Amino acid sequence: MTILVTGATGHVGRHVLTALLNEGHKVRAMTRAPERGRFPADVEVVRGDLTEPEGLADALRGVERMYLFPVPDTAVQVVRQAKRAGVRHVVVLSSTSAADATNFSGVYHRTVERAVEDSGLDWTFVRPDEFATNLLWKWGHSIRAEAVVRGPYPQARRALIHEVDVAAVVALALGRDGHAGQVYDLTGPEALDQRVQVAQIAEAVGHEIRFEEVTPEAARVELSAFMPVQVVDMVLGYLADSVDGPPMVLPTVEKLTGRPGTPFARWAADHAAEFRPA
């Protein structure tokens, strides 16, 4: 059985590859630029772009199961190509926001889910809550340049999830039977406020990092410089909501994989180099 991993160089995809290989599966990695990736020798690497579904024939040939990175604009065409090629089961990287059709992220991810549902193929939706890796683009620059994080709502608690835990669930759903038709909501194993998150990154990096509270209005101006306004609204909204109503910590990762979810401190240690000055 050949398993196709799209987005194979991404934060989740690269770990999906490793997990599947460790289980002895035959894996094909799809990426837009194979020459830029570093893959294990026993992985078949093919060129492919989810925004160009008409060019996916080679990547899909002989594939029975696939991991689908979410690209809503072409999801219907991609899934149609997959079905034509003989794919039987699609595991979608989605989001807990897919249950909420009122926000940008919810519409984005639900569009992909619906395309797979409507295809008639077997499916599994893996819905992580907020990725810890989001902090790399939210805080990375200011930590590297000034050893400071500026943000609103320091008391906002989030159950940030390590990408390896998401990948472990994806690989399980791809590599073993019994997961068709399942929706797996995932969170990290603990809800930490933003000051604690910063403190744990500082511990991993090895120097002090200051958290400087700013108003939501100031944060909106800064975030709008590199994020669409609808995403800014979503980010500020869930931070505000998380002050008094943090997300529920879910046991899904441990129930499915048999091991506890990865603590945020471990994620910070794994990514410490990315928070240090170049």
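Note that this is a predicted model, so its numbers are computed, not measured. The figures that follow rest on heavy atoms only: side chains count, while hydrogens, waters and symmetry mates do not.
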Legend entry - Beyond-backbone contact of Asp129 with Ile161, side-chain heavy atoms, under 4.5 angstrom: no
Legend entry - Residue pair Leu135 / His271, side-chain heavy-atom distance below 4.5 Å: no
Inset, instruction - Answer yes if the side chains of Asp185 and Thr96 hold a donor-acceptor pair under 3.5 Å, and no otherwise. - result: no
Legend entry - Reference residue Met66; test side chain to side chain contact (heavy atoms under 4.5 Å, CB included); the match among Val90, Ile3, Val5, Leu174: Val90
Inset, instruction - For Glu203, look at atom CD and say whether over 12 heavy atoms of other residues, nucleotides or ligands are found less than 6.0 Å away. - result: no
Inset, instruction - Examine the side chains of Asp100 and Thr102 and answer whether a donor and an acceptor come within less than 3.5 Å of each other. - result: yes
Legend entry - Modelled atom types, side-chain donor and acceptor of Glu130 and Tyr238, under 3.5 Å: yes
Legend entry - Donor-acceptor pair between Ser242 and Arg158 side chains, under 3.5 angstrom: yes
Inset, instruction - Could you name each residue pair satisfying ring pair (Phe, Tyr, Trp, His ring centres under 6.0 Å) that touches residues 180-212, not counting sequence neighbours? - result: His179-Tyr184
Legend entry - Any donor-acceptor N or O pair under 3.5 Å, side chains Ser94, Glu113: yes
Legend entry - Atom CZ of Arg36 with >12 non-hydrogen neighbours under 6.0 angstrom: no
Legend entry - Met248 atom CE: more than 12 heavy-atom contacts under 6.0 Å: no
Inset, instruction - Describe, in one word, how the ring planes of Phe125 and Trp123 are oriented to each other, choosing from parallel (under 30°), tilted (30 to 60°) and perpendicular (over 60°). - result: parallel
Inset, instruction - Could you verify whether a donor N or O on one side chain and an acceptor N or O on the other, from Asp165 and Thr262, lie under 3.5 Å apart? - result: yes
Inset, instruction - Any chance you could measure Leu186, atom CG, to Lys255, atom NZ, to the nearest 0.5 Å? - result: 12.0 Å
Inset, instruction - Assess whether atom CD of Glu208 is packed by more than 12 heavy atoms of other residues, nucleotides or ligands within 6.0 Å. - result: no
Inset, instruction - Inspect the surroundings of NZ in Lys26 and state if more than 12 heavy atoms from other residues, nucleotides or ligands are less than 6.0 Å away. - result: no
Inset, instruction - Applying side-chain hydrogen bond (donor to acceptor under 3.5 Å, both in side chains), run through Asp49 and Thr51 and close with a yes or a no. - result: CA-CA 5 Å; Asp49 188 337; Thr51 67; 2.7 Å; yes
Inset, instruction - Determine whether more than 12 heavy atoms belonging to other residues, nucleotides or ligands lie under 6.0 Å from atom CZ of Arg32. - result: no
